[in-house]
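Keep in mind that what you see is a predicted model, and the values were worked out from it rather than measured. Quick note: residue numbers are just sequence positions, from 1.
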Amino acid sequence: MFKRMDEIAIEIPDVEKPDPNAAAAIQELLGGKFGEMSTLNNYLYQSFNFRSKSKLKPFYDLVMSITAEELGHVELVSHGINKCLRGSTAYKEPDDTPLGSAKDARLSYHFLAGAQGAMPFDSMGNPWTGANVFNSGNLVEDLLHNFFLECGARTHKMKVYEMTDHPAARAVVGFLLVRGGVHVVAYAKALEIATGVNVTKLVPVPSLSNKAFNEARKYEEKGVHTKLYTWSDSDFNAIDQIWKGTHPEDGLPLEVIQGAPKGFPIPEAPALDEEFAPGISAEDFKEIAKRLKMAGNIND
């Protein structure tokens with residue numbers, strides 16, 4: 001089961017700088033082959049289908065805990081996309097073409113299929129597919145795939161970071177570079193324990209430190225890259241048999257933390273009348289409030 005909080009992993013800067021094309025680029029980090037939906041669903045199905053979990057509990061716990069974090073990453077990237085789209089259009093009468101600017105955006109689907117919000121597709125508008133999920137059932141093969149997947153995801157994050165200077169985009173990508181780096185090292189350490197091969201000697205891939213990115217460096221200075229969370233109040237604590245020792249890049253001690261990190265309030269999305277969202281007028285709000293009061297036997 002999963003426990004959900006009304007929070008996101010970091011506070012995303014609230015700036016009046018609409019950039020639909022930046023949002024299109026970030027979509028690759030959501031619905032691309034190496035995006036967060038792919039990492040989430042790879043680990044999700046590997047956790048569902050894990051064999052001999054009692055004998056291989058540290059590896060099972062690792063995949064389970066990272067799965068939970070990836071759910072939060074899908075959520076975070078989606079809100080980053082929403083922040084980049086915010087303010088792209090403004091309300092006008094229909095004959096004044098309020099969505100006219102959308103036809104020049106790389107992904108008009110943000111405006112046509114939703115209300116300027118994140119969608120489950122890549123930067124070119126291709127829908128995410130379950131064909132991106134790999135689950136061989138072989139522990140070493142799956143761990144090796146996960147290591148490669150996280151390295152590929154890191155490459156894409158670095159490229160998207162270099163594509164846009166939008167504060168919301170860079171804040172999200174910078175944080176994900178750090179947390180994705182944790183997963184790279186975690187799978188490398190798991191492979192070392194499973195096979196005896198020191199895969200950590202390969203990192204970082206690509207060979208550029210996260211410290212080269214301002215929005216990533218500030219988290220590494222706080223030691224965020226050394227912490228692995230169980231995302232459970234009491235389960236999955238055997239990951240400390242894998243996540244131990246020191247970080248291969250800077251030698252800082254690694255730490256397992258039971259539970260989840262403290263998050264930040266999910267930003268509220270304003271109404272978009274030109275997109276008919278949420279489509280509830282001031283009068284409608286009054287009627288809804290009245291019906292809710294009647295249903296709850298609440299008197300003024």
Side-chain angles (χ1 to χ4, degrees), residues 4-32 35-38 40-41 71-129 156 160-161 163-173 175-176 263-292:
R4 187 170 187 179
M5 290 80 79
D6 193 18
E7 298 175 345
I8 53 176
I10 64 170
E11 188 172 21
I12 305 174
D14 192 11
V15 295
E16 294 300 324
K17 184 184 178 182
D19 191 341
N21 290 335
I26 304 172
Q27 280 286 164
E28 189 66 28
L29 304 185
L30 181 61
E36 301 297 338
M37 290 186 65
S38 290
L40 165 63
N41 282 284
L71 274 167
H73 289 180
V74 170
E75 179 181 47
L76 181 64
V77 174
S78 296
H79 284 289
I81 291 168
N82 295 348
K83 280 290 183 80
C84 289
L85 288 167
R86 184 172 173 175
S88 297
T89 61
Y91 176 75
K92 294 186 288 187
E93 291 297 322
D95 285 343
D96 293 328
T97 324
L99 297 179
S101 62
K103 68 181 183 296
D104 296 321
R106 273 209 317 110
L107 281 180
S108 58
Y109 206 59
H110 281 140
F111 302 83
L112 292 171
Q116 302 179 35
M119 302 291 283
F121 49 60
D122 65 15
S123 61
M124 300 304 293
N126 301 306
W128 184 83
T129 170
H156 282 69
V160 170
Y161 189 101
M163 279 184 180
T164 175
D165 63 354
H166 193 286
R170 285 201 163 178
V172 169
V173 178
F175 175 77
L176 292 176
F264 294 82
I266 293 177
E268 182 169 349
L272 275 179
D273 292 333
E274 67 271 27
E275 294 269 21
F276 322 112
I280 305 295
S281 67
E283 291 73 21
D284 292 331
F285 275 119
K286 291 178 182 177
E287 288 300 315
I288 291 171
K290 182 196 246 183
R291 288 193 286 272
L292 287 171

Visitor: With a 4.5 Å limit on heavy-atom distance, are the side chains of Trp128 and Ser38 in contact?
Guide: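 SC-SC contact between Trp128 and Ser38 confirmed.
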Visitor: Give a yes or no on whether Lys290 atom NZ has more than 12 heavy-atom contacts from other residues, nucleotides or ligands under 6.0 Å away.
Guide: no
Visitor: In sequence, state the C-alpha distance, the side-chain angles, and the governing distance for Leu99 and Glu274, and then conclude on side-chain contact (heavy atoms from CB on, under 4.5 Å).
Guide: CA-CA 7 Å; Leu99 297 179; Glu274 67 271 27; 3.8 Å; yes
Visitor: Specify whether Phe121 and His110 have parallel, tilted or perpendicular ring planes, treating 30° as the upper limit for parallel and 60° as the lower limit for perpendicular.
Guide: tilted
Visitor: Between Ile266 and Glu75, is there a side-chain heavy-atom distance shorter than 4.5 Å?
Guide: yes
Visitor: Which heavy atom in Pro98 sits nearest to a heavy atom in Glu93, and how many Å separate them?
Guide: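 Taking every non-hydrogen atom into account, CD-O, 3.4 Å.
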Visitor: Say whether, by atom type as modelled, one donor and one acceptor occur between the side chain of Asp122 and the main chain of Gly125 under 3.5 angstrom.
Guide: yes
Visitor: Set out, in order, the CA-CA distance, both residues' side-chain angles and the distance that settles side-chain contact (heavy atoms from CB on, under 4.5 Å) for His156 and Leu29, then state yes or no.
Guide: CA-CA 7 Å; His156 282 69; Leu29 304 185; 3.9 Å; yes
Visitor: Can you name the closest pair of heavy atoms from Gln116 and Thr89 and give their distance?
Guide: NE2-OG1, 2.7 Å
Visitor: With side chains defined as the heavy atoms from C-beta onward, is the minimum distance between Arg86 and Asp14 less than 4.5 Å?
Guide: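 Sidechains of Asp14 and Arg86: in contact.
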Visitor: So how far is it from Ser78 OG to Gln27 CD, rounded to the nearest 0.5 Å?
Guide: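 The OG atom of Ser78 sits 7.5 Å away from the CD atom of Gln27.
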Visitor: Calculate, to the nearest 0.5 Å, the distance between atoms CZ and CG belonging to Phe111 and Leu272 respectively.
Guide: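 So the CZ of Phe111 and the CG of Leu272 are separated by 9.5 Å.
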Visitor: For Met124, is there any backbone N or O sitting under 3.5 Å from a side-chain donor or acceptor partner on Arg106?
Guide: no
Visitor: Do other residues, nucleotides or ligands put more than 12 heavy atoms under 6.0 Å from Arg4 CZ?
Guide: no
Visitor: What are the two closest heavy atoms between Asp273 and Tyr91, and how far apart are they?
Guide: CB-CD1, 3.6 Å
Visitor: What verdict does the side-chain contact (heavy atoms from CB on, under 4.5 Å) test give for Leu76 and Glu36, after you've listed the backbone C-alpha separation in whole Å, the side-chain angles of each residue and the deciding distance to 0.1 Å?
Guide: CA-CA 10 Å; Leu76 181 64; Glu36 301 297 338; over 6 Å; no
Visitor: Whether the side chain of His166 engages the backbone of Lys17 through a donor-acceptor N/O pair (distance < 3.5 Å, no angle test) should be reported.
Guide: yes
Visitor: Only one of Ile26, Asp165, Thr164 clears side chain to side chain contact (heavy atoms under 4.5 Å, CB included) with Asp19; which?
Guide: Thr164
Visitor: Keeping Glu28 on the side-chain end and Ser123 on the backbone end, is there a donor-acceptor pair under 3.5 Å?
Guide: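 Confirmed, Glu28 side chain pairs with Ser123 backbone.
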Visitor: Give the minimum heavy-atom separation between Ala25 and Met163, together with the two atoms involved.
Guide: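 Smallest heavy-atom distance, with atoms named: CB-SD, 3.9 Å.
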Visitor: How far apart are the closest heavy atoms of Ala102 and Ser108, and which atoms are they?
Guide: O-CB, 3.8 Å
Visitor: State the NZ-OG distance between Lys103 and Ser101, to the nearest 0.5 angstrom.
Guide: 7.5 Å
Visitor: Distance from Ile12 atom CD1 to Asn82 atom CG, nearest 0.5 Å?
Guide: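 Those atoms lie 8.5 Å apart.
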Visitor: How many angstroms lie between CD1 in Ile8 and CZ in Phe175, if you round to the nearest 0.5 Å?
Guide: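 So the CD1 of Ile8 and the CZ of Phe175 are separated by 10.0 Å.
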Visitor: Check Ile81, Leu107, Asp104, Leu85 against Pro20 for a side chain to side chain contact (heavy atoms under 4.5 Å, CB included) and give me the one that passes.
Guide: Leu85
Visitor: What I'd like to find out is whether the side chain of Leu30 reaches to under 4.5 Å of the side chain of Met119, using heavy atoms alone.
Guide: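 No, too far: nothing below the 4.5 Å cut-off.
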Visitor: For the side chain of Asn41 and the backbone of Met37, is there at least one donor-acceptor N/O pair under 3.5 Å apart?
Guide: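 Yes.
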